[in-house]
Amino acid sequence: MASWILVPCLVKLRSEFDMIAPNRDKTSDGSVGDSAHSAEVSDHNPDETGNVPIRDADKINEVHAIDVDVDLRTPGLTMEQVVQFLLGRCRSGAETRLRYIIYNRRIWSASTSWRQQAYTGANPHDHHAHFSSSYETNREASQVSWHLEDVPVALTADDKKWISAEIAKQVKAQVDDIWAYNIGRATGTPSQRADGALVTANLRAGTLTNDQVPKLFDAIEQLTAQVAELKASVASRTS
Ligand SMILES: [Ca+2]
Ligand SMILES: [Ca+2]
Ligand SMILES: [Zn+2]
């Protein structure tokens, strides 16, 4: 029987670090406190048997803190960016599951409205970031997304080249599809301008009978949606 568990919200946070940085270094990762921690008040200590700052409502022996190694080994992504992203969500009230964050000689706490303060503890936290969670039952248990996939990362030159080529390729494929539904094909008029004129004439006369116009509109709709999706995904990675 496990003698303690990590609160589910932090299990989820750690899994999101693994998701956005699959090759991250875990050397300085941690959850339950070692003997040095157990001597002092720490969220790393199991809360029913150890030295913790808060007595919670349940009898579950929970750890309320994780350390995450700063080396994310992901180009364009730093721990600083993740910490600032989480702080933004905490300050806006969108995120309420953290009590404080310590990283690189600084501490930010819910109790001081997430204002940055110097951290002068013995460990400067320059090899790991520390995340302490709430002891409130519904908050510590919540496994809703931390949205780490939305952390803005800097794109490399290769990323940008790949995205441009991908957009060009997909738009070209869709345009080709659209012209494969080319109205003129049925009438034998070879140029796009002639096709367009024919469509216009038919529309005015109310005599469109084939299914190619609806297909054409479907294709245009698909292209529009695809371009919008691409734009959104590019925007989320470049902001
Ligand atoms: Ca507990
Ligand atoms: Ca609890
Ligand atoms: Zn820690």
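Ligands are counted one by one from 1 in listed order, and the atoms in each one are counted from 1 as well. The shown structure was predicted, so the numbers you read here are calculated from the model rather than taken from an experiment.
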Checklist entry - Just checking, is any N or O donor in the side chain of H130 or D67 under 3.5 Å from an acceptor N or O on the other one? => result yes
Checklist entry - In D47, which N, O or S atom comes closest to the Ca ion (ligand 1)? => result OD2
Item to check | the Ca ion (ligand 2) - closest N/O/S atom in E140 | outcome: OE2
Next on the checklist: With rounding to 10 degrees, what does the angle D67:OD1 / the Zn ion (ligand 3) / H130:ND1 come to?
Outcome noted: 100°
Checklist entry - So, is I60 placed with an N/O/S atom under 3.0 Å from the Ca ion (ligand 1), counting both backbone and side chain? => result yes
Checklist entry - Is the Zn ion (ligand 3) less than 2.8 Å from at least one N/O/S atom of H44? => result yes
Checklist entry - Any chain of hydrophobic side-chain contacts (each under 4.5 Å) joining V68 to W108? => result yes
Next on the checklist: Are there over 12 heavy-atom neighbours, none belonging to Q116, within less than 6.0 Å of that residue's CD?
Outcome noted: yes
Item to check | Side-chain touch K26/D18, heavy atoms, less than 4.5 angstrom | outcome: yes
Item to check | Side-chain touch D126/R105, heavy atoms, less than 4.5 angstrom | outcome: yes
Checklist entry - Counting backbone and side chain alike, does D56 bring an N/O/S atom below 3.0 Å of the Ca ion (ligand 2)? => result yes
Checklist entry - Any idea which N/O/S atom from E48 gets closest to the Ca ion (ligand 1)? => result OE2
Item to check | D58 atom OD1 and E62 atom OE1 as seen from the Ca ion (ligand 1), angle to 10 degrees | outcome: 80°
Checklist entry - Is there side-chain contact between H44 and D34, with at least one heavy-atom pair below 4.5 Å? => result no
